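Below you'll find the structure, written out as structure tokens, and then a few comments.
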Amino acid sequence: MRSSLCAWLVVGVLLSAAAAQTSGKAASGGNSADETAIRALEHNFAEAVKAKDLDKIMSSYEHGQKLVVFDVIPPREYVGWDAYKADWQNVLGGFSGPVSFDISGLEVTAVGNLGYGYSFQHVAGKTTNGNTMDVTVRVTDVYRKSGGKWLIVHEHVSVPVDLDSGKADLQSKQ
């Protein structure tokens, strides 16, 4: 566990240093081919969620045990592609009709074969129990390019919390 944390810290420092050395457009989410490819990955992911296409959703993620996702849905930590696929299957099965899904504020940086991005993601739809879900989350993704293809290798989903009440803010975009 400790060695994994150290490895991620090193990756973060290296990405930050490399991003600081790149010029204007690429460092600020500009027009590099890699950043364009990552944006396409996120666009395809959003389309897959709207279509409730589980296989297409999961094609955005690294297949294997190295995928780690921290989510707002219990158990809140998913290790491995199979575990996260089961979570998405449950999420999609919880909707009784169409799903609205939008990504906004997407910022992407790619350096070498690693990249990161963050965005706001809004999902809405009628649930199988008759309620309406309307939630906005903050998402940070870490991407790795392997065999010419970008995939999500780590994802962190969060919502702001009012510390006085202890309640999550499911609508905030700040």
Side-chain angles (χ1 to χ4, degrees), residues 15 19 25-64 66-74 76-111 113-128 131-160 168-174:
L15 278 172
K25 283 187 180 179
S28 64
N31 297 322
S32 80
D34 286 328
E35 290 169 5
T36 299
I38 291 170
R39 288 178 181 283
L41 170 82
E42 292 289 355
H43 172 78
N44 290 336
F45 172 79
E47 293 302 310
V49 174
K50 288 187 259 188
K52 297 198 286 189
D53 184 336
L54 179 61
D55 291 333
K56 190 173 177 184
I57 290 169
M58 293 309 299
S59 72
S60 300
Y61 295 92
E62 180 173 287
H63 195 116
K66 289 186 178 182
L67 173 66
V68 176
V69 176
F70 298 130
D71 203 351
V72 294
I73 299 171
R76 295 189 177 85
E77 179 181 8
Y78 300 90
V79 177
W81 188 86
D82 292 326
Y84 201 45
K85 181 179 181 180
D87 176 57
W88 266 109
Q89 189 169 20
N90 288 336
V91 168
L92 296 175
F95 288 100
S96 64
V99 175
S100 169
F101 187 87
D102 298 297
I103 297 176
S104 63
L106 177 62
E107 293 290 331
V108 173
T109 299
V111 180
N113 68 340
L114 292 174
Y116 61 91
Y118 57 89
S119 64
F120 296 101
Q121 297 183 3
H122 176 253
V123 63
K126 189 173 183 178
T127 63
T128 56
N131 294 329
T132 299
M133 177 188 283
D134 188 350
V135 174
T136 299
V137 295
R138 304 174 299 183
V139 177
T140 302
D141 286 319
V142 177
Y143 313 96
R144 182 175 28 236
K145 186 177 184 181
S146 178
K149 182 178 180 180
W150 286 98
L151 294 172
I152 299 167
V153 297
H154 177 72
E155 185 167 79
H156 190 115
V157 182
S158 67
V159 295
D169 177 354
L170 300 176
Q171 301 303 314
S172 180
K173 290 187 178 181
Q174 298 181 24

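For the numbers below, each heavy atom of this structure counts, side chains included, while hydrogens, waters and symmetry mates do not. Note that the structure is predicted; figures quoted are calculated from it, not measured.
- Counted by atom type alone, Y78 and E155 present zero donor-acceptor pairs between their side chains at under 3.5 Å.
- Closest non-hydrogen pair, E35 versus S32, comes out as N-OG, 3.0 Å.
- Looking at K56, its side chain never comes within 3.5 Å of a backbone N or O of V49 through a donor-acceptor pair.
- Evaluation of the salt bridge (Lys or Arg N to Asp or Glu O under 4.0 Å) rule for E62 yields R144 as partners, not counting sequence neighbours.
- Looking at Y143 and E42, their side chains do bring a donor and an acceptor atom within 3.5 Å of each other.
- Residues passing the side chain to side chain contact (heavy atoms under 4.5 Å, CB included) test with Y118 are E107, T140, sequence neighbours excluded.
- Around atom NZ of K126, no more than 12 heavy atoms belonging to other residues, nucleotides or ligands sit under 6.0 Å away.
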Applying ring pair (Phe, Tyr, Trp, His ring centres under 6.0 Å), run through W88 and F45 and close with a yes or a no. CA-CA 12 Å; W88 266 109; F45 172 79; 5.8 Å; yes

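- N44 contributes a side-chain N or O that, together with a main-chain N or O of A40, makes up a donor-acceptor pair within less than 3.5 Å.
- K145 pairs by the side-chain hydrogen bond (donor to acceptor under 3.5 Å, both in side chains) definition with D34, not counting sequence neighbours.
- Shown here for V157 and V72, the closest heavy-atom pair between the two residues is O-CG1, 3.7 Å.
- Remark: F95 engages no residue in a ring-ring contact (aromatic ring centres under 6.0 Å, His included) (not counting sequence neighbours).
- Here S158 pairs with R138 under the side-chain hydrogen bond (donor to acceptor under 3.5 Å, both in side chains) rule; sequence neighbours left out.
- Remark: aromatic rings of F70 and H154 are close, center separation under 6.0 Å.
- Evaluation of the ring-ring contact (aromatic ring centres under 6.0 Å, His included) rule for H122 yields no partner, not counting sequence neighbours.
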